[in-house]
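What follows is one structure encoded as structure tokens, with my remarks underneath.
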Amino acid sequence: MRSAIVIGGGISGLAAAWELRKHADVTVLESAPRVGGQLRSVYVAGVPVDVGAEVLTAEQPEALALARDVGLADALREPADAALCIWSDGALRPLPARQVRGIPAEPAALTGTGLLSDDGINRLSQEEALPAHGLEGDVPVAEYLAGRIGREAVDRLVDPLLGARGGGLADRLSLRAALPRLAAVARRGGSVVREVRATLSTAPSPATAAYGVDGGLGRLPQAVATASGARVLTETRAHEVRRTPAGRWRVLATTGDGPLVMETDAVICALPAGPAAALLRPHAPVAEAGLAGVRHAGTAVVTLAFARATMPRRPPEGNGYVVPPIERRATREVTFLSNKWRHVDDAEPGLFLLRASLGHIGEEHRLAVPDRHLIRSAVVELRLAVGALGEPVAARVTRWENALPQFDVGHGERIDTIRAALKALPGLDVCGAAYAGMDVASCVASGRAAALRVVAGAAY
Ligand SMILES: Cc1cc2nc3c(=O)[nH]c(=O)nc-3n(C[C@H](O)[C@H](O)[C@H](O)COP(=O)(O)OP(=O)(O)OC[C@H]3O[C@@H](n4cnc5c(N)ncnc54)[C@H](O)[C@@H]3O)c2cc1C
């Protein structure tokens, strides 16, 4: 293999380009004016902050390893604070530190928090004693968990934590695809609470479970692009992939200067499911159909800066809070950037920066309003949650439409079908957030795996 084209310059495509660098001349085609996709840093009130992904988890080290490989080791930062609250029943209520996806390791730790009713806590406390039934097949997260820990715990603890990670509502989410460790527990008929304790006994402490980047995680894509040595063509949208009679691939794209046609040995589509489906349509209709069935949710990130001097009360404490969808608020999650990241606070100590993510999964229609309305909703709800805050000195809205793939029940089978269809097309492969995990680490792993497959001449 002498040459390869990667379509899509998000972190998945750039990770593929990085892996391919030793084997081929690589060209990355990116439709936007910059690489990075959902990794993006901007200046708000003079401070560089992320308006897309902002943390790399230590649970999955692939992205951290890549950041170190491309020269960002010195910029990796641990959060200064780890405490998280849930905005529930009109108040911010601290989530017990020992929890996984909202499920506490010790249900008694919920007593007095106001997060669950007494009945809800009792129900959770009895989970370990429930009879074990091995679960066959895939079910929605809510269906399985409600049977173990109770519906109230699902609605008030699990759903907001899943939503904060863009995972969607427990009612539709696939247990197998979204929570594979719990799916394994379900298969062998074990206890969920016991599994949470087992996970925490091997996991890094909450304060070191994630890393940000000084200057923004948005620095990572450009660092990977540069280190890969790939030729990166921005403002270049691929619209067709054709097979040549000689078994090579031809990519047709549009640039600011007109059409572009390139021939290559291998093509990796590192795109969200919709655009990937469109490119695969002529070659693998089954794969196209599978991809077209992956739902994507949207969100809007409202980043706000407040002058500390105008904040009448002391600033809110902790990392921020998540909001259960059942509360019917516009806000899904709030991160107190100035508390979470020392580098943000040091950059402008007179300001308090935060970001509010708006739009619960399935309620994207509520985002179809002008930016100023989203800013107003964010500020009004912030005041209800944390008290008086003054007026923001800077505000920025970033909209992410169709950005968050939803791993609905049956997602695993859907991906198996896509894999099987692509086997017949050596040199054509796919990677990205829609396949085996939407966190940055999974995207990096997905991009590198696709690169290794095309190098080995084996599609999926
Ligand atoms: C608000 C938000 C917060 C998040 N927070 C976190 C977090 O803290 N931690 C975490 O691990 N994950 C987080 N995520 C998820 C993570 O950022 C994404 O899943 C990941 O960045 C997706 O990368 P990707 O390369 O697969 O896709 P994308 O980033 O979507 O990249 C795809 C690229 O393809 C380009 N493109 C599309 N069509 C074409 C075409 N026809 N031709 C050429 N180019 C094309 C697009 O412009 C885009 O740049 C967050 C996501 C969002 C939206």
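Just so you know, ligand 1 is whichever comes first in the structure, and atom 1 is the first atom listed for that ligand.
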Atom 17 (O) of ligand 1: closest protein heavy atom, distance to 0.1 Å, is Ala53 CB, 3.3 Å
protein heavy-atom neighbour closest to atom 27 (O) of ligand 1 works out as Gln38 NE2, 4.3 Å
The atoms of ligand 1 lying under 4.0 Å from a heavy atom of Leu39, numbered in the order shown, are 17 (O), 21 (O)
**Asked** Backbone or side chain, does any N or O of Ser12 fall under 3.5 Å from an N or O of ligand 1?
**Response** yes
| Has ligand 1 got any nitrogen or oxygen that is less than 3.5 angstrom from a nitrogen or oxygen of Gly13? | no
Under 4.0 Å from one or more heavy atoms of Met438, ligand 1 contributes atoms 15 (C), 16 (C), 18 (C), 19 (O)
A student checking ligand 1 against Ala270 at a 4.0 Å heavy-atom cut-off should list atoms 32 (C)
The atoms of ligand 1 lying under 4.0 Å from a heavy atom of Val301, numbered in the order shown, are 1 (C)
Ranked by distance from atom 49 (O) of ligand 1, the top protein heavy atom is Glu30 OE1, 2.7 Å
Any heavy atom of Leu29 under 4.0 Å from ligand 1? The part involved is backbone
_Leu271-ligand 1 polar pair, N/O distance under 3.5 Å_ = no
Exercise for the section: Kindly confirm or rule out an N or O of Ser31 lying under 3.5 angstrom from an N or O of ligand 1. Expected result: yes
for atom 41 (N) of ligand 1, nearest protein heavy atom and its distance come out as Ala238 O, 3.0 Å
* Step through the shown structure and confirm whether more than 12 heavy atoms of other residues, nucleotides or ligands are within 6.0 Å of CG on Asp214. => yes
Can you find an N or O of Val51 that's nearer than 3.5 Å to an N or O of ligand 1? no
Checking Asp50 side chain against Leu217 main chain: does a donor-acceptor pair fall under 3.5 Å?
-> yes
Output yes when a side-chain donor or acceptor of His411 lies under 3.5 Å from a complementary backbone atom of Tyr435, and no otherwise. yes
*asked:* Polar contacts were defined as any N/O atom of the residue lying under 3.5 Å from an N/O atom of the ligand; does this apply to Ala441 and ligand 1?
replied: no
